[in-house]
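Report on the following structure.
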Amino acid sequence: MERTREHIIQSESDRFLSNFFDPWIVNPLHNDYGLDFNIEITENRKTIGRPFYVQNKGTDHLKSNETHVKFSIEVKYLLYYEKLVFPVLLFRYDTKREISYWLNLQTYIREELNLKNPDWRSQKTITLNIPKTQEVINLNLMKTEILNAYNQNINHYTQSLLWHQGIEFSLDDSKRMERIIRESEKKNNYRLLHLSKLNFKEDNQELMIKNIYKIINRDEKSIEMLIAVESLITLKIPTTSQIQDEILELSNRGLDIAKELKDEIRVLRFSFYPLWIDFIRLNLKLAPITVTFIKLSDLNQINKFSLEEKIKLDKEISKIEKKINEFLIRIYNENDLYYLLYFKLQLLFVGNIFIYSMQGVLGNNYFKPFLERQKPILKKFLTILDSIQDNDLRLYGLVQVGARYELFDENLAYEIYQQGLNLAEEKNHKFYQKRIKKIINTMEDFNKHKYTNENPKISQVIEFLKSNGLSNENIKQADPTFIFNYCKSIEVAYYPTAQSVAKFIYFDDKKKIYCNKKKICSMSDDLISLFENFKMKNCLKCQLHEKPKKLREISIKDLDFYSKKLQYL
């Protein structure tokens, strides 16, 4: 009997799917209400208890536009699939190009159909739009999507449970009742986590943190506690020593609980944050020292003192970078690809702080050649971000990649920010709507003025600081760059706080003044008083008063712009 073209197409489609999922267990289904396969994820040849269903459809005539693949399905099947707890994925195979696209049907129902077409259940058929970015390519990314789908389904279905369900059968069994109460508390913790995520999306930071602390304050040794601790870590922006210490305290707490629960993957995740904080602190120390080193280099004034400072920090950073690379390899080997991407974005964030903190002093073009060479890496980031379903991580990634592009290609950065804003508006993510709009507005405001403002004198900088509410005591220690205008033998080293680096205002740091001629130095918090005292003791009888070349001073617009920019990052 001759096979029909329809049978041949289905065979080709099934062969493609079986080959793609070959490392896992693929079980064909027959007459199972539109479902063609049941597939189980395996690790080290063992199942992990996360099966999912597949509807697999091939075609010779793929209907599509520039961004989406079209597929028509009977509504009765969707009504059945949305009741299942296991994820249900649709695969649409194109025989001509021998590629397939995938769609999580339950997520699509919740995030697309229910919001944009509330009456879809009354229809007989409906056309689904499968993003072309969701091409079937990477098994590890697919695994991440499926595991995320499990969490989303659990969060969704537990919302509909009544608190008393199951209790009426246990009223005469105290042990069983205690077990039900524990399970109920566990479900409530999951609900609080889900609620905090909704608070974040609605840009209600206060309520979000309050709900997370409800879990943390219970001080239970549980998975929910670990998720809550890590959620709190991700909310903190580590640009001050205080917040860095808070992150270290939380990560140590999470690490202890993960070890007690023998949760090896979370032990590994929590071991990242101390490395991350060390990396941030070292880079924030290096930034002003690098500025000083470059300025002295331009004036041919490099000496042993400045060189040793920089070499010492460079070595420390190289050591921590090696540890971080070893950590990322371990995460990759664990197939924890969601966190691999998240951790790499956190490292991109550190780089952004480092470069932004120096760009306002050194000028916009100083890092441009180096950044231009990063284009292939940034393009890979964008490709991966387009392929993931987690909107929070995707939006965070677009902000960080956009910030890096902004340093050397403002037009492309603007497009990336606009892409993020469109996604935030499409998903009604108010937090990122507000955040990205501020970034775009800052870019537009800065571009209007950056070519029309001359670099100000020190007196103008001080007036600017006053207008921003700084006290006279703080302003007294505000801008150390003027000190180089006094004598070319004078050198300054900084030991800054993260906040002062981010805002270019060195009023909270230790400063060291060094004389290359007499080989003497002095250290204090108050730069101007220190400098006056240094002159009185060491410079009165000195015959060397040659002034160096004029150095570029920080412009008011630079100071204002980069201060705002770092807040948004």
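A quick note: this is a predicted structure, and the numbers were derived from the prediction, not measured.
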Between atom CG of Leu207 and atom CD1 of Ile212, what is the distance when rounded to the nearest 0.5 Å?
10.0 Å
Donor-acceptor pair, side chain of Asn148 and main chain of Asp390, under 3.5 angstrom:
no
Begin from the C-alpha positions of Leu226 and Leu261 and carry the test side chain to side chain contact (heavy atoms under 4.5 Å, CB included) through to its verdict.
CA-CA 10 Å; Leu226 291 176; Leu261 295 177; 4.0 Å; yes
Can the ring centres of Phe327 and Phe343 be said to be less than 6.0 Å apart?
yes
Return yes if a side-chain donor-acceptor contact under 3.5 Å exists between Asp203 and His429, otherwise no.
no
Are the side chains of Arg266 and Ile227 in touch, meaning some heavy atoms are under 4.5 Å apart?
yes
Please find the pair of heavy atoms, one from Glu321 and one from Phe279, that lie closest to each other, and give the distance.
CG-CE1, 3.6 Å
Which residue, Tyr396, Tyr273, Trp276, forms the side chain to side chain donor-acceptor pair (under 3.5 Å) with Gln346?
Tyr396
Looking at CD1 of Ile233 and CD1 of Ile243, how far apart are the two atoms once the value is rounded to the nearest 0.5 Å?
13.0 Å
Lys/Arg-Asp/Glu bridge criterion (N-O < 4.0 Å) met for Asp263, Arg269:
no
Would you say the side chains of Asn352 and Gln400 form a donor-acceptor pair under 3.5 Å?
yes
Should we count CD of Gln418 as having more than 12 external heavy atoms under 6.0 Å?
yes
Starting from the C-alpha separation in whole Å, work towards a yes-or-no answer on salt bridge (Lys or Arg N to Asp or Glu O under 4.0 Å) for Asp386 and Arg394.
CA-CA 8 Å; Asp386 281 342; Arg394 189 176 173 190; 3.6 Å; yes
Shortest non-hydrogen separation from Met225 to Ile216 and the atoms involved:
CE-O, 3.4 Å
Considering only heavy atoms from C-beta outward, does the side chain of Arg435 approach that of Leu395 to under 4.5 Å?
no
Looking only at atom types and distance, does a side-chain atom of Arg404 sit under 3.5 Å from a main-chain N or O of Leu348, one as donor and one as acceptor?
yes
Show the nearest heavy-atom pair for residues Leu340 and Leu328, with the distance to one decimal.
CD1-O, 3.7 Å
Give the C-alpha distance, both sets of side-chain angles, the deciding distance and a yes or no for side chain to side chain contact (heavy atoms under 4.5 Å, CB included) between Lys375 and Leu378.
CA-CA 5 Å; Lys375 278 186 176 180; Leu378 296 174; 5.6 Å; no
Determine yes or no for a side-chain-to-main-chain donor-acceptor pair under 3.5 angstrom, with Asp409 supplying the side chain and Tyr405 the backbone.
no
Rounded to the nearest 0.5 Å, what's the gap from CD on Gln205 to CD1 on Ile209? Could you check?
6.0 Å
Provide the closest heavy-atom pair for Met208 versus Ser196 in the form atom of the first, atom of the second, distance.
CG-O, 3.3 Å
Minimum heavy-atom separation for Leu398 to Ile416, with atom names?
O-CG2, 3.4 Å
Note: Lys143-Glu43 ion pair, threshold 4.0 Å (strictly below):
yes
Mind checking whether Phe381 and Leu345 have side chains closer than 4.5 Å, heavy atoms only?
yes
Could you check if a side-chain atom of Tyr213 sits within less than 4.5 angstrom of a side-chain atom of Leu232, using non-hydrogen atoms only?
yes
Any idea which heavy atoms bring Ile146 and Pro87 closest together, and the distance?
O-CG, 4.1 Å
Starting at NZ of Lys427, measure out to CG of Asn391 and round the result to the nearest 0.5 Å.
5.0 Å
